[in-house]
Amino acid sequence: MKQRILSGIQPSGVLHIGNYLGALKQWVELQETYDALFCIVDLHAITVKQDPKELRAKIRELAKLYIACGIGPKKSTIFVQSHVPAHTELGWILNTITKISELERMTQFKDKAGKNRAHVNAGLLCYPTLMAADILLYQTDLVPVGEDQTQHLELTRTLAKRFNTQFGEVFRIPEGYFPKAGARIMALDDPTVKMSKSGAPANYLALLDDEKTIRKKVARAVTDSGSEIKAAHDKPAMTNLLTITHLLSGESIADIEHRYRGKGYRELKQDLADRVVDFLAPIQQRTRNISDNEIETLLQEGAKRAREIASQTLTDVQRVLGLG
Ligand code: ATP
Ligand code: LTN
């Protein structure tokens, strides 16, 4: 039996190169050796306000992007979270063994909720228990995600162990899988914060940005003081641009630094823009070539397989709890 991986991305905002390098790139590699499930986590996306029409379109667009980036519809199962009701049911059950203090401690919650907690919706607080349900329903071995998800994954493991201890061994304890480089791509306009879908357009390179936009964004990316092209702690902007170059080219950072010795930021940026444009062109082409019908069929089939696996775990959960 193959081991299983599962991961998900929210259909909110636009997919960016950080999502690709931090998560999707690993999914494409791991699907070759694992039983792979990739989810479009729409119920997570509605923890912030979404326009219904736009959300529907974003869900389909994200499914197309998964495939365009290399997820094989025959190799992997692609599905929409809300098409499998077991996620919300297990999410609810996990809420009952989760402490409010554990949820309030999550940095993603603290970042998104801000200071004025009284008006924050409860879904934002319970976001991690739904994510834990996504993972645990499928008896997942490995969860390939970016570094920002470390804390959520640790909570998932804690809840799985807690449940198993209190009610009996139902859940497999999942491990996180983080890329060696690229687990935290930084924003172009501020290299001290992570590149984010919900940020301002200048902060990210979207997978669907056109050539002109990419060139403009890369040219305007913040740089460090000084002029040396070198990855270092006190050079967060250069480290970020060099990391992206390294991941798109396969060339080591040391070799890239060597190649740019005596050259300026402008040259590095121009080359990087060329590389990003060349990398994204086929992805954009493939996205356009996938029809809406193909996606509908694929998502229906994906949901069917996901429901089958999820219902087995949910039945076990209900049984040990005295439900059902
Ligand atoms: P938002 O800013 O709206 O929270 P996001 O850009 O963080 O969105 P998600 O849907 O939350 O995107 O994340 C999808 C996947 O991409 C996750 O595995 C996450 O860890 C990864 N990821 C997100 N941002 C980055 C980043 N800057 N660098 C590396 N990986 C990232
Ligand atoms: N919380 C994640 C998205 C997410 C996820 C998951 C990732 C929801 N469910 C299950 C891996 C496995 C995020 O915000 N990036």
Side-chain angles (χ1 to χ4, degrees), residues 4-27 30 36-50 58-59 62 65-66 69 79-82 84 87-88 90-91 94 106-113 123-124 126-138 140-157 159-160 174-201 203-207 236 239-240 243-244 247 306 310:
R4 183 169 288 151
I5 59 168
L6 177 138
S7 196
I9 298 182
Q10 303 180 64
S12 54
V14 283
L15 208 65
H16 54 72
I17 200 126
N19 300 132
Y20 175 79
L21 297 173
L24 261 159
K25 190 167 184 267
Q26 282 58 246
W27 301 4
L30 293 169
L37 291 127
F38 301 115
C39 189
I40 293 166
V41 291
D42 54 349
L43 296 170
H44 278 112
I46 60 166
T47 55
V48 298
K49 206 161 187 277
Q50 303 290 341
K58 286 268 169 215
I59 292 168
L62 186 54
L65 277 165
Y66 279 5
C69 285
F79 69 102
V80 180
Q81 185 186 37
S82 69
V84 186
H87 290 242
T88 37
L90 182 59
L94 293 176
M106 296 290 117
T107 35
Q108 185 171 307
F109 172 71
K110 289 197 265 189
D111 287 349
K112 295 208 168 171
L124 209 54
C126 299
Y127 181 111
T129 47
L130 181 60
M131 173 165 165
D134 298 340
I135 296 167
L136 300 178
L137 271 178
Y138 298 89
T140 305
D141 295 286
L142 214 59
V143 184
V145 279
E147 194 189 86
D148 60 318
Q149 296 304 310
T150 312
Q151 217 185 9
H152 288 162
L153 211 68
E154 210 35 60
L155 181 65
T156 301
R157 289 164 54 83
L159 295 180
E175 303 271 346
Y177 181 93
F178 306 94
K180 280 189 202 74
R184 191 174 170 81
I185 299 293
M186 308 312 275
L188 293 182
D189 60 350
D190 179 359
T192 64
V193 300
K194 86 169 185 92
M195 188 176 279
S196 163
K197 286 205 241 109
S198 40
N203 115 53
Y204 57 74
L205 291 171
L207 297 191
T239 305
N240 196 36
T243 303
I244 299 173
L247 291 169

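Numbering of ligands and ligand atoms starts at 1, following listing order. The structure displayed is predicted, hence computed values, not measured ones.
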Short N or O separations between ligand 2 and the protein, below 3.5 Å:
residue: ligand 2; atom: 1 (N); partner: Y127; partner atom: OH; Å: 2.8
residue: ligand 2; atom: 1 (N); partner: Q149; partner atom: OE1; Å: 3.0
residue: ligand 2; atom: 9 (N); partner: D134; partner atom: OD2; Å: 2.6
residue: ligand 2; atom: 14 (O); partner: Q10; partner atom: NE2; Å: 3.4
residue: ligand 2; atom: 14 (O); partner: Y127; partner atom: OH; Å: 2.5
residue: ligand 2; atom: 14 (O); partner: Q149; partner atom: NE2; Å: 3.3
residue: ligand 2; atom: 15 (N); partner: Q149; partner atom: NE2; Å: 3.2

Identified side-chain contact (heavy atoms from CB on, under 4.5 Å) counterpart of W27 within the set I9, V145, L6
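Answer to the side-chain contact (heavy atoms from CB on, under 4.5 Å) test with W27 among I9, V145, L6: I9.
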Applying side-chain contact (heavy atoms from CB on, under 4.5 Å) between Y127 and each of K112, M106, H152, report the one that passes.
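Only one option passes, and that is H152.
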Using the test ring-ring contact (aromatic ring centres under 6.0 Å, His included), find all partners of F178 that sit at least two apart in sequence or belong to another chain.
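Here no residue qualifies.
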Within this structure, what is the CG-CE distance for the pair N19 and M195, rounded to the nearest 0.5 Å?
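With rounding to 0.5 Å, CG (N19) is 9.0 Å from CE (M195).
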Using a strict threshold of under 4.0 Å (side-chain N to carboxylate O), is an ion pair present between D148 and K194?
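Salt bridge present between K194 and D148.
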Within a 6.0 Å radius of atom CZ on F109, are there more than 12 heavy atoms belonging to other residues, nucleotides or ligands?
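Result for CZ/F109: enclosed.
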Verify the distance criterion only: is there a donor paired with an acceptor across the side chains of Q50 and S12 at less than 3.5 Å?
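No, S12 and Q50 have no side-chain donor paired with an acceptor closer than 3.5 Å.
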Tell me the residues surrounding ligand 1, counting only those with a heavy atom closer than 4.0 angstrom, sorted by chain and number.
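For ligand 1, the contacting residues are I9, Q10, H16, G18, N19, G22, A23, K112, V145, G146, D148, Q149, G182, A183, R184, I185, K194, M195, S196, K197, S198.
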With N240, which residues qualify under side chain to side chain donor-acceptor pair (under 3.5 Å), at least two apart?
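Once residues adjacent in sequence are excluded, N240 has no partner under the side chain to side chain donor-acceptor pair (under 3.5 Å) criterion.
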Is any side-chain heavy atom of N203 closer than 4.5 Å to one of H16?
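Not touching, per the 4.5 Å side-chain cut-off.
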